[in-house]
Number of protein chains: 2
Amino acid sequence: MSCFATLKGKGLRLTQPRRVILDFIHDKGDHLTAEEIINYVHGKFPRVNKSTIYRTLELLEKNECVFKSESMDRTIYHHAEEGHHHHMVCSKCGKTIDCEEDLFAPVERSLGEKYGFNVDFKHVVMSGLCERCKNLTG
Amino acid sequence: MSCFATLKGKGLRLTQPRRVILDFIHDKGDHLTAEEIINYVHGKFPRVNKSTIYRTLELLEKNECVFKSESMDRTIYHHAEEGHHHHMVCSKCGKTIDCEEDLFAPVERSLGEKYGFNVDFKHVVMSGLCERCKNLTG
DNA sequence: ATTCTTATTGCACCCAGTTGCAATAATAGC
DNA sequence: GCTATTATTGCAACTGGGTGCAATAAGAAT
């Protein structure tokens, strides 16, 4: 958990809200929505304001302690230990699958060649149907 | 402008707000943000409520009269006559480039093969650097 | 342990977008 | 052209997320 060290090293303070949020994201080792994080923190420390939570998440992201993945309809956070990757969320059952970082390489190449456009796909969240739900729907 | 006919055919009413909004999107023949649409409508008819505008846009989208493209940081609308495509917006100069519908085909294929996951990329908005800005930045 | 500095917090308010509901207006039937 | 029906609207209130600022507390120095 060198995250605390990272923050200290930058002259940032180790406050209770920061500790709680970082521990939660680390221990969960999973993808969390802002809502889940807010609910958890409020369960333990009701006096912590939501603005503090959003500011903390922003700070953790800036310092690369957590990664934030956002798409039109959902934003999720996960601990930096889990590395860079993209996410697929099943719109039926909610199942989340991580997938490899270079998934969009062909698209990036194609945009560069055809339009000279430089796009860096990072932490993309995609909605769709997982195998099981696709077959059930048939 | 068969859009009006489309709406009529479904028993939907041709109200003034709908006429104004649809005409604007059609005549602009361009990508418009919700804000631009709201400003325009308010300029002409100050009494039209923003909720009406959002509801109208939603309705036009459901009936495929306009297409909505959304990403984390921007939502844009354009007339259905312009067809399906994706958008690249330069994060420096704001320039917007349309690009072909099948851009994400390799990604869709790869997700299907590796994970059995079914994602349909439609109206994706990407942020990045256009050729000019990329070169200026060095 | 106390004091001081200033990073961090809580608060109260802002913003874009959404929703429930009663009031209004578009249109079908006369 | 009127009337009745009901789709649509305006309103007011709500949502998730964000911001400026005065109050608070972390941690350095004593």
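Each chain gets a letter, A, B and so on, in the order its sequence line appears, and its residues count up from 1. Worth knowing before you read on, the calculation uses all heavy atoms, side chains too, and leaves out hydrogens, waters and symmetry mates.
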Report task. Return the set of residues passing side-chain contact (heavy atoms from CB on, under 4.5 Å) with Glu113(B) (not counting sequence neighbours), or none when no residue passes. Result -> Arg109(B)
**Report entry** Value in whole Å for how far the C1' atom of dT9(C) lies from CZ of Phe45(A)
**Finding:** 15 Å
Query raised in the report: Tell me, which pairs form a salt bridge (Lys or Arg N to Asp or Glu O under 4.0 Å) where one or both residues lie in residues 114-129 of chain A, sequence neighbours left out?
Result: Lys114(A)-Glu100(B), Asp120(A)-Lys122(A)
Report task. Give Arg55(A) one of three labels, base, sugar-phosphate or nothing, depending on what nucleic acid heavy atoms sit under 4.0 Å from its own. Result -> base
Report task. Could you pull out all residues at least two apart from Lys95(B) that satisfy side chain to side chain donor-acceptor pair (under 3.5 Å)? Result -> none
Report summary line: Applying side-chain contact (heavy atoms from CB on, under 4.5 Å) to Lys44(B) and not counting sequence neighbours gives Tyr40(B)
Report task. Could you tell me which residues satisfy side chain to side chain donor-acceptor pair (under 3.5 Å) with Arg55(A), sequence neighbours excluded, listed by chain and number? Result -> Ser51(A)
Report summary line: Hits for side-chain contact (heavy atoms from CB on, under 4.5 Å) against Val66(A), two or more places apart or cross-chain, chain-then-number order -> Leu22(A), Ile25(A), Leu60(A), Glu61(A), Tyr77(A)
Query raised in the report: In residues 59-66 of chain A, what residues come within less than 4.0 Å of DNA chain D, judged by heavy atoms?
Result: none
Requested in this report: Look at the side-chain N and O atoms of Ser51(B) and state whether any lies under 4.0 Å from the OP1 or OP2 oxygen of dT18(C).
Outcome: no
Report task. Measure the distance from CZ on Arg47(A) to P on dA25(D) and round it to the nearest whole Å. Result -> 9 Å
Query raised in the report: Sub-3.5 Å donor-acceptor pair from the side chain of His86(B) to the main-chain atoms of Glu101(B), do we have one?
Result: yes
Query raised in the report: For Glu58(B) and Pro17(A), take the nucleotide of DNA chain C holding the closest heavy atom to each; which residue's nucleotide lies nearer the 5' end?
Result: Pro17(A)
Report summary line: Under a 4.0 Å heavy-atom criterion, the protein footprint on nucleotides 23-30 of chain C, written with B, S and -, is --BBS---
Query - Set of ring pair (Phe, Tyr, Trp, His ring centres under 6.0 Å) partners for Phe67(A), sequence neighbours left out - result: His78(A), His84(A), His123(A)
Query raised in the report: Do side-chain atoms of Arg19(A) reach the backbone of Leu14(A) as a donor and acceptor pair under 3.5 angstrom?
Result: yes
Query raised in the report: How would you list, by chain and number, every residue that makes a side chain to side chain donor-acceptor pair (under 3.5 Å) with Asp102(A), sequence neighbours excluded?
Result: none
Query raised in the report: Considering residues at least two apart in sequence or located in another chain, which fulfil the side chain to side chain donor-acceptor pair (under 3.5 Å) criterion with Ser69(B)?
Result: His87(B)
All N/O contacts under 3.5 Å from nucleotides 13-17 of chain C to the protein, with atom names and distances to one decimal?
residue	atom	partner	partner atom	Å
dG17(C)	OP2	Tyr54(B)	OH	2.0
dG17(C)	O5'	Tyr54(B)	OH	3.1
dG17(C)	N7	Lys50(B)	NZ	2.9
dG17(C)	O6	Lys50(B)	NZ	3.1

Requested in this report: Find the distance Leu22(B):CG to dT8(D):P and express it as a whole number of Å.
Outcome: 14 Å
Query - Value in whole Å for how far the C1' atom of dA25(D) lies from CG of Asn49(A) - result: 16 Å
